[in-house]
Peer 1: 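Pasting in a structure now, in structure tokens, and then I'll have a few things to ask.
So you know, we letter chains A, B, ... as the sequences are listed, proteins then strands, and number each from 1.
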Amino acid sequence: MYQVGKNQSKSIDIFSFPLNSPFIVQLEGFYFYYLLKEETMAHRHAKDFDSRPKKYVLAEFPYPSGSGLHIGHAFTFTGADVYARYERMQGKNVLFPIGWDAFGLPTENYAIRTGRKPQDVTAENTATFRRQMERLGLSFDYERIVDTTDPKYYKWTQWIFIKLFEKGLAYKQEMPINWCPSCKVGLANEEVVNGNCERCGSPTSRRRISQWVVKITDYADRLIDGLEQTNFVEKVKAAQINWIGRSEGARVRFDIVGHDRELEVFTTRPDTLWGSTFMVVAPEHSLVAELCLDQPGVKEYVERARTKSDMERVELSYEKTGVFSGLTAINPATEEEIPVWISDFVLPTYGTGAIMSVPGHDQRDHDFASKYGIEIRPIIKTTDEWDFSQAAYTEHEGIMVNSGPINGLTVKEAIPAAIKWLNDHNKGETSVSYHLRDWIFSRQHYWGEPIPMIHCESCGWVPAPVSDLPITLPDVEKYEPTDTGESPLANITEWVETTCPKCGEPAKRETDTMPNWAGSDWYFLRFVDPNNDDVLADMEKLKYWMPIDVYIGGDEHNTLHLLYSRFIYQFLYDLGVVPADVPEPYYRRMSHGVILGPDNQRMSKSRGNVIVPDVLIDEYGTDVLRAYMMFMGPFDATMAWNERALLGVKRFLERFERLVETQAGTHSETPKEIKALIHKAVDKLNFDLSNFKFNTAVAKMMETLNGISDHGGAVNPADLRMLVQAFAPIMPFFAEEAWAKLGGKGSVHASDWPEVDPALVKEDTVEIPIQVNGKLRGTIVINRDDDQETVDQAARQVEIVAKHLESGTVRKVIYIPAKAINYVVK
RNA sequence: GCCGGAGUGGCGGAACUGGCAGACGCGCACGACUCAAAAUCGUGUACCUACGGGUAUGUGGGUUCGAUUCCCACCUUCGGCACCA
């Protein structure tokens, strides 16, 4: 069917052929199954509203970097592709889309360096990615490609922002942000790792800049509760819950002596209120600026805390520093006067930015009190002798003492009792705090979605009219961010200057752009309806396709991307633009593994251990690469690259190819043993492919081939075709060719998954172990449905077993049908 | 410190709801083919053994007729969070 130049050695540039040209070449002695045949890809298109059951399989879309698709992408996408192909053969209507998360700094930086337009660089990179993907045989529905930098797409990203603004979930605020002096950009908390910029690694500092902030904290509880409706693995759920960091406690109000003011704190231990001997406020707390600046040392301390970089804060974390504020507060429980201190160990962004300090029962407070000579007052009676001069007692065990009305209660009883006391005396109430912060949404960069807001002197911030969307990025000469922290857009007067949509007076556009996450928050909805100009996606189509059945992605996105996109989805849910019966976007989350270099180190250019898929395809062909990647280990594991092991897969493929060559066109009668092997293999692959156990699937393929040759290697082409079908998801090109050679009709990828004969899979006879006192003493072949007596009789005949039974009396015989028989001998 | 995984041959890794530990592949050894090498094909490959067996799935206990699998404690390691009151 396909012309194959058997003994030619020639070099072919595959890119010189149009995509989809039916062609297979052979070079250097073996086949390369990478050129595309229409049949191989023909069934990739998802059909809206088709009557077959739908399956939405999604792998995180990539950032199309200039260095091209790397082996990690290849691994992840291949796994997803195997699964998608398998599901298609199961008769599912599979949506398996791909797109480009193309806004972002690397492209912008590259554009600056080379003096080219980011738009052009992006177009080039995405074309390369696409070509590489097709070469890997990835059966994405390329007609549904979504590009976050396409104005037709980001029109809706902007629309979502306007809705957030309208619902009061986006506001502009001057706030201290993490600033990367190298990238010249503000960073979200989560983009700062150990005080360094996540992207470039330089140390960050703090800066006050007016920022758009999105109130993700309003959804904190929903984001936790919603996890119950998903099938995420424990690790992912835990990471999200951990990240949100919900803690329950109480707010308590302290009066300030000599001022008509209260100082409110958050605590998870209201029971320890009677032991609070001082208070601490963050240097950034409003009370400090209002009342304390005259106190000696305060101004200096506040100034130093402000200029401290995050690095310094982390380094200095062991030695707490502080200064007395000059203020005194009244402990509402003891009515004693207690000092108020200022220290940067109290975070301005958590709780109320102020704490009540209980040095007897909180280690940080203990550290601070010890250093500054503040009273440490125990209020929980510990069972054994506890040296309160050495450490705080922080266990939730013990009996309350010195605590007035809650004396004698256990800690667990005391917490609600203390809250009730606070309520009764109007000094506080139950409260919840979160580690999760609101989401800083501004970036001072060019290559991102413009934030569609207009500032008017008289009307304030006004959203751009929806009819004006998208607000497109203007062409600019220079992409460099400015030192003032403004985005390059600020210099384009004709773009910045506009009129207020509300009053018609002159006004200015927001020049900040959105963070990278914005485009990836909702892309999965757009795949359902990629070209809609009226809504972000058609409701009926969403009802058909959502939720995503499997979402395959990296663990590094378990907190940020996954949380942000769930939040945006929940927000869209509240707007009513996504289906009412789909409260969560992702039903199941699959983590993919990481491929390390041959030296067991993370791949990086500087280490020189990078494996490039294109080179491997040139040398071994797509199918060998795919099968090897799937064979390396469990789909979610961390694995080292081993090119020797890849050769084992190559040998397997060649041996299978030889089998196909020799059996094609024959009419051999397939021996029963071989037939059974084939049916068992199909059965096993059916299980493995549907459970992402690709490594054992490949092992089974190899095992089956070994078995066939052990039994003489004569197989009827019709039986062999079954095997080819089961191999097809993993080795799509080879399977297509073999299918044709063996007389298969149409494309193997459009064929229905073969049905197995249960009688062949589950044989009548089975070999089981014979144990004496749990030790293996022999095996015996029995009929699957033999009763205990029959098996017992037969087992006792086995010589070695008989010998062991003679050493004592048989007290008990345990027979597990078709599994094992065990004699208890004493 | 808190949360979540993982520890199995020389190596990557198998083992469904407790039932023959080490599938499959790599590596290694020997053999066939070859003048020779490569490639290919075949055989073997956990450890000890007085050849009867015995010991082995990080360590120590426990449950069970039987534990890689379940329970408890500990060790190591990877990932996430961490001055979050």
Side-chain angles (χ1 to χ4, degrees), chain A residues 29 194 233-247 249 265-269 272 276 279-280 313-314 316-318 320 343-347 349-358 361-365 367-368 394 433-437 555-556 558-559 591 594 600 628 631-634 636-649 651-652 654-655 658 684 687 691 693 695-706 709 767-780 800 803 811-825:
Chain A
N194 291 329
V233 292
E234 201 47 45
K235 173 167 70 165
V236 179
K237 284 188 185 179
Q240 296 226 337
I241 290 169
N242 199 351
W243 186 266
I244 294 166
R246 179 190 157 99
S247 51
V265 302
F266 172 76
T267 177
T268 54
R269 294 293 301 274
T272 62
S276 176
M279 302 183 77
V280 186
R313 270 211 178 186
V314 172
L316 294 170
S317 65
Y318 296 108
K320 291 184 179 30
S343 173
D344 64 4
F345 88 81
V346 172
L347 303 175
T349 44
Y350 184 74
T352 63
I355 61 167
M356 63 177 218
S357 288
V358 186
H361 304 282
D362 182 288
Q363 192 53 45
R364 293 154 304 182
D365 297 347
D367 295 345
F368 196 83
T394 57
S433 280
Y434 303 92
H435 294 196
L436 182 70
R437 306 288 151 75
D555 282 340
E556 69 276 17
N558 282 347
T559 44
S591 292
V594 178
N600 238 309
Y628 173 60
F631 183 59
M632 286 176 78
D636 59 358
T638 304
M639 301 150 292
W641 186 259
N642 176 358
E643 196 129 346
R644 292 290 328 184
L646 184 142
L647 289 175
V649 174
R651 268 179 220 142
F652 158 71
E654 286 167 348
R655 288 211 296 141
R658 252 174 270 146
K684 169 75 171 157
F687 177 83
N691 289 289
K693 295 170 83 107
N695 56 332
T696 49
V698 176
K700 191 68 187 179
M701 286 159 49
M702 294 171 163
E703 206 184 321
T704 307
L705 179 60
N706 293 345
S709 61
E767 189 185 22
I768 63 160
I770 308 166
Q771 298 173 328
V772 178
N773 289 335
K775 291 220 163 80
L776 179 71
R777 297 300 177 192
T779 60
I780 185 173
I800 299 167
K803 219 178 87 192
R811 290 287 161 84
K812 205 172 173 188
V813 180
I814 296 153
Y815 175 62
I816 311 297
K819 283 265 172 74
I821 183 161
N822 188 18
Y823 294 93
V824 184
V825 177

Peer 1: Would you compute the distance between atom CG of A:L646 and atom CZ of A:R644 and round it to the nearest 0.5 angstrom?
Peer 2: 10.5 Å

Peer 1: Can you tell me, in whole Å, how much space there is between the P of B:A23 and that of B:G10?
Peer 2: 14 Å

Peer 1: Pick the C1' atom in B:C83 and in B:C2, then give their distance to the nearest Å.
Peer 2: 14 Å

Peer 1: What integer number of Å spans the P atoms of B:A21 and B:U55?
Peer 2: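 It comes out at 13 Å once rounded to the nearest Å.
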
Peer 1: What's the CG-C1' distance between A:L705 and B:G25, to the nearest Å?
Peer 2: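 One finds 13 Å between C1' of B:G25 and CG of A:L705, rounded.
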
Peer 1: Would you classify A:R246 as touching base, sugar-phosphate or nothing, given that sugar-phosphate means primed atoms plus P, OP1 and OP2, and contacts are heavy atoms under 4.0 Å?
Peer 2: nothing

Peer 1: Dot-bracket for RNA chain B, 5' to 3', with Watson-Crick and G-U pairs under 3.5 Å, [ ] for crossing pairs and | for other-strand pairs: what is it?
Peer 2: (((((((..(((......[....)))((((((.......))))))(((....)))..(((((..]....))))))))))))....

Peer 1: Work out how far the C1' atom of B:A46 is from that of B:C81, and round it to whole angstrom.
Peer 2: 41 Å

Peer 1: Would you say a side-chain N or O of A:S247 is under 4.0 Å from OP1 or OP2 of B:A85?
Peer 2: yes

Peer 1: What contact category does A:Q363 fall into here, base, sugar-phosphate, or nothing, at under 4.0 angstrom with non-hydrogen atoms?
Peer 2: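 Here A:Q363 touches no strand at all.
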
Peer 1: Any heavy-atom pair between the side chains of A:R269 and A:V358 that's under 4.5 Å?
Peer 2: no

Peer 1: Can you check the A:I355 CD1 to B:C83 P distance for me, whole Å?
Peer 2: 14 Å

Peer 1: Please classify the glycosidic conformation of B:G52 as syn (within 90° of 0) or anti (everything else).
Peer 2: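 In terms of base orientation relative to the sugar, B:G52 is syn.
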
Peer 1: B:G9: syn or anti, with syn meaning chi within 90° of zero?
Peer 2: syn

Peer 1: Quick one: closest heavy-atom pair of A:M356 and A:S276, and the distance?
Peer 2: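 That closest heavy-atom pairing would be CB-OG, 3.6 Å.
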
Peer 1: Rounded to the nearest 0.5 Å, what separates atom CD1 in A:I768 from atom OH in A:Y815?
Peer 2: 5.0 Å

Peer 1: Identify, between A:Y350 and A:I814, the residue whose nearest nucleotide on RNA chain B lies closer to the 5' end.
Peer 2: A:I814

Peer 1: Would you measure the distance from the P atom in B:C74 across to the matching atom in B:G79 and give it in whole Å?
Peer 2: 23 Å

Peer 1: Let me spell it out: for each of A:I816 and A:N773, pick the nucleotide of RNA chain B with the closest heavy atom. Which residue's pick is nearer the 5' end?
Peer 2: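 The residue whose closest nucleotide sits nearer the 5' end is A:I816.
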
Peer 1: Indicate, with a heavy-atom threshold strictly under 4.0 Å, whether A:T779 touches base, sugar-phosphate, or nothing.
Peer 2: base

Peer 1: Give the rounded distance in Å between these two atoms: CG of A:L776 and P of B:G18.
Peer 2: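 Value for this atom pair: 20 Å.
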
Peer 1: Quickly work out the A:D365 CG to B:C83 P distance and round it to whole Å.
Peer 2: 15 Å

Peer 1: Taking only nitrogen or oxygen atoms into account, show me every contact under 3.5 Å that the protein makes with nucleotides 51-54 of chain B, one pair per line with its distance.
Peer 2:
{"from": "B:G54", "atom 1": "OP1", "to": "A:R777", "atom 2": "NH2", "distance (Å)": "3.2"}
{"from": "B:G54", "atom 1": "OP2", "to": "A:R777", "atom 2": "NH1", "distance (Å)": "3.1"}

Peer 1: Hey, does the side-chain of A:N822 have a donor or acceptor N/O within less than 3.5 Å of a partner on the base of B:C65?
Peer 2: yes

Peer 1: Taking atom types as they are modelled, is there a donor-acceptor pair under 3.5 Å from the base of B:C3 to the side chain of A:K235?
Peer 2: no

Peer 1: When you compare B:G12 with B:G7, how far apart are their P atoms, in angstrom units rounded to a whole number?
Peer 2: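 These two P atoms come out 12 Å apart once rounded.
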
Peer 1: Check this one for me: any side-chain N or O of A:K693 less than 4.0 Å away from OP1 or OP2 of B:G13?
Peer 2: no

Peer 1: From B:G19, B:C65, B:C26, pick the nucleotide closest to the side chain of A:Q771?
Peer 2: B:G19

Peer 1: Check every atom of B:C20, B:C41, B:C83 against the side chain of A:D344 and return the nucleotide holding the closest atom.
Peer 2: B:C83

Peer 1: Out of B:C83, B:C41, B:G19, which has the shortest distance to the side chain of A:R651?
Peer 2: B:C41

Peer 1: Counting side-chain heavy atoms from CB outward, which of B:C41, B:G13, B:G4 is closest to A:P634?
Peer 2: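 The nucleotide sitting nearest to the side chain is B:G13.
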
Peer 1: Considering only the C1' atoms, how many Å lie between B:U45 and B:G9, rounded to the nearest integer?
Peer 2: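 Rounded to whole Å, the distance is 10 Å.
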
Peer 1: If I pick the C1' atom on B:G18 and the same atom on B:C11, what distance separates them, to the nearest angstrom?
Peer 2: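 Per the computed distance, 29 Å lies between those C1' atoms.
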
Peer 1: Answer with base, sugar-phosphate or nothing: what part of the nucleic acid does A:N706 contact at a heavy-atom distance below 4.0 Å?
Peer 2: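 A:N706: backbone/sugar contact only, no base atoms under 4.0 Å.
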
Peer 1: For A:T349, report the nucleic acid contact type (base, sugar-phosphate, nothing); a contact means any heavy atom under 4.0 Å.
Peer 2: nothing

Peer 1: Of the nucleotides B:A85, B:C83, B:U17, which one has an atom closest to the side chain of A:K320?
Peer 2: B:C83

Peer 1: What nucleotide among B:G25, B:A85, B:C3 has an atom nearest to a side-chain atom of A:T268?
Peer 2: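 Nearest to the side-chain atoms of A:T268, counting from C-beta on, is B:A85.
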
Peer 1: Would you mind telling me which of B:C41, B:A15, B:G12 lies closest to the side-chain atoms of A:R658?
Peer 2: B:C41

Peer 1: A:N695 near the nucleic acid: base, sugar-phosphate alone, or nothing, with a heavy-atom cut-off under 4.0 Å?
Peer 2: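 Since only primed, P, OP1 and OP2 atoms lie under 4.0 Å of A:N695, the category is sugar-phosphate.
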
Peer 1: Side chains of A:T704 and A:M701, heavy atoms from C-beta outward: is any pair under 4.5 Å?
Peer 2: no

Peer 1: Look up atom OG1 in A:T779 and atom CD1 in A:I770, then write down how far apart they are to the nearest 0.5 Å.
Peer 2: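 Separation between the atoms: 6.5 Å.
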
Peer 1: Show the nearest heavy-atom pair for residues A:Q363 and A:T394, with the distance to one decimal.
Peer 2: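 Smallest heavy-atom distance, with atoms named: N-CG2, 4.1 Å.
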
Peer 1: Ignoring hydrogens and geometry beyond distance, is a side-chain donor-acceptor pair present between A:S591 and A:D555 at under 3.5 Å?
Peer 2: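 Note: A:S591 and A:D555 side chains meet the donor-acceptor criterion.
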
Peer 1: Return yes if the base of B:G5 and the side-chain atoms of A:E234 contain a donor-acceptor N/O pair under 3.5 Å, otherwise no.
Peer 2: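 No pair found.
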
Peer 1: To the nearest Å, give me how far apart CG (A:D636) and C1' (B:G12) are.
Peer 2: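 So the CG-C1' distance, A:D636 to B:G12, works out to 15 Å.
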
Peer 1: Considering every strand and a 4.0 Å limit on heavy-atom distances, what is the contact class for A:D555: base, sugar-phosphate, or nothing?
Peer 2: nothing

Peer 1: How long is the straight-line distance from OH of A:Y628 back to CZ of A:F652, given to the nearest 0.5 Å?
Peer 2: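 OH of A:Y628 is found 15.5 Å from CZ of A:F652.
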
Peer 1: So how far is it from A:I355 CD1 to A:T267 OG1, rounded to the nearest 0.5 Å?
Peer 2: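 Nearest 0.5 Å value for the CD1-OG1 distance: 9.0 Å.
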
